[in-house]
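Computed from a predicted structure; not experimentally measured. Read the numbers this way: they start at 1 and go in the same order the structure lists the ligands and their atoms.
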Amino acid sequence: MPATPAPEVTHRPDERFDEFLLAAAATHPGHPAVVEYADGAERVTTFRGLRETAERYAAQLDRFGLEIGDRVMIVSDTSAEAVALVLACASRGLPFVPVSPETPAERRATIERLAEPALCLTADGRPEGAVGHGRFGGGTIEVPQPPVRRGGSRRVVTPTDTAYIIFTSGTTGRPKGVVMSHRAVVAFYRGMIAEGFVSVGDRVASTSPLQFDFSLLDIGMALGSGAAVAPVPRALLRWPTRFLKVLRVTRATHVNGVPSIWRQSLRHIPDQLADLPDLRGVLFCGEEFPLAELRHLQRLRPGIRLINCYGATESMAASFAEVPDPLPDDVTHLSIGNGHEGTDILLLDAEGASVREEGVVGEMYLRSPALMTGYWGDADATDAVLVIDPLEPRSGQRLLRTGDLAFRGADGALRFCGRRDSQVQIRGNRVEPAEVQRRLLAHSDVCEAAVVVAEGPGREAELCAFVVLADGADGTAESDLRAFCLRAMPAYMAPGVVRIVDSLPVNQHGKTDHRRLLAQLLADA
Ligand code: ADP
């Protein structure tokens, strides 16, 4: 009997990030996949066009002889070209590391140092550095000096290979790289798409930078449903009339983003928001939508579908809960529902036992096939959050310990109610105050620093830093310290308020008393 030939395909064709997202290129090749806003008009890239560009990029990546697992850093906003490039990288097993063009050079350099990419490609601007730096666009990759060939001993990309690494704020003072496999992202996409928010022909406006996994959620939701993703140019997002114009021109049916993207339009041009012709759904994520603003949006757009998406980069997201329309007056916490299909959100107490009673606060743990592989180069941090299932330790299965607190309502659904640690969300962006504190301490004139978050009803969360200067450093002003932060971190991470003080108050354990600092701030406000 002839020997059975070894199977060439070791995974189902749609278990890879790129294959999953380009499946509609076979079924709906002429449908829009990306709708961009360019000079006041829409520019459409079809699924066929997107696949062709991705294939062109992939063929060019092949020239460099990279090894499966070699990282490609992509400095870009979301665009048809950038989507094609991430698909190309994924098809070759090259994890992509998205970085926003607005990222300060120092932070970009830090991410580059940590990720050690084989290739760094920018959408515009001159390629920096010599070896392995280049530019992409128009289906072409220009690399003045190609990366050093590594040999390429592996040939087959498997679903457990890394699809991407996203760097987020870390307590140790350096960004933390969340490593996601193809299998995990596709498992997440499947669970999300099963919720049935969008379908063929819809257009999903994406407002998050490519650097945040929320943009990959948008891309997955759109392309995975045979719909189009419509990136809103970052520079226009701040201007409510321009933002709404982009939505009108690109005929967005759904808009995804952090809650704060709606604030200016609700405040200044509610009539224009009410008049948007195609808008049917809004998905928000990253933090709780201020309830007064949410009710205002519902009044302006009766019947609009509002989805509260809860989750973290470590699993892209975990649940999608529909906001009741209208939101009853007695609601104080929005429901985050329960896990999306395939994901179980467990509510556990400090001993690791299930919390079942209504209204009792516990910590959320995720049991899911959509979890990160780990933090890049940080086994200790990984072990701290990917923990053996406390309910069935014998299984050896790891759950994601989210650090997020919640309680159950009478309907059995969860309500988010804060963090176990000091991580905060500033305008929907995740920040570890400890990272900001470390940056301040890196200033040669600073000898002590503490960072607190001031928030309250009607006040947007804001980082406030208290700083004690070293002897003889009186020349340093508060604005210098803020500028020092801005050089190394995105604007949302730099403290809005910096106060130079003679000393920091301490509590009875001798630790900086954050509560007193906060009280001091609120008293002065
Ligand atoms: P993202 O997946 O949006 O990139 P991040 O990793 O930046 O999320 O931040 C995750 C954290 O944001 C969560 O651990 C939680 O504390 C908070 N968060 C996310 N979504 C929500 C939500 N819908 N409501 C309240 N808080 C949220």
Using heavy atoms and a strict 4.0 Å limit, residues surrounding ligand 1 turn out to be Asp213, Cys285, Gly286, Glu287, Glu288, Asn308, Cys309, Tyr310, Gly311, Ala312, Thr313, Met316, Asp404, Phe416, Arg419, Gln423, Gln425, Arg430
Quick check, are the ring centers of Phe188 and His340 under 6.0 angstrom apart?
yes
Step through it carefully: locate the ring centre of Phe320, locate the ring centre of Tyr310, and say whether they are under 6.0 Å apart.
no
Show every donor-acceptor pair shorter than 3.5 Å between a side-chain atom in residues 482-492 and any protein atom, with sequence neighbours excluded, or say none if there are none.
unit_1 : atom_1 : unit_2 : atom_2 : d
Arg482 : NH1    : Pro495 : O      : 2.9

Please identify each residue that fulfils side-chain contact (heavy atoms from CB on, under 4.5 Å) with Asn338, with sequence neighbours left out.
Arg408, Ala413, Leu414
Does Ala205 have any side-chain contact (heavy atoms from CB on, under 4.5 Å) partners at least two apart in sequence or in another chain, and if so, which?
Val232, Leu247, Ala252, Val255
Partner of Val179 under side chain to side chain contact (heavy atoms under 4.5 Å, CB included), chosen from Ile166, Thr382, Asp378, Ile165:
Ile165
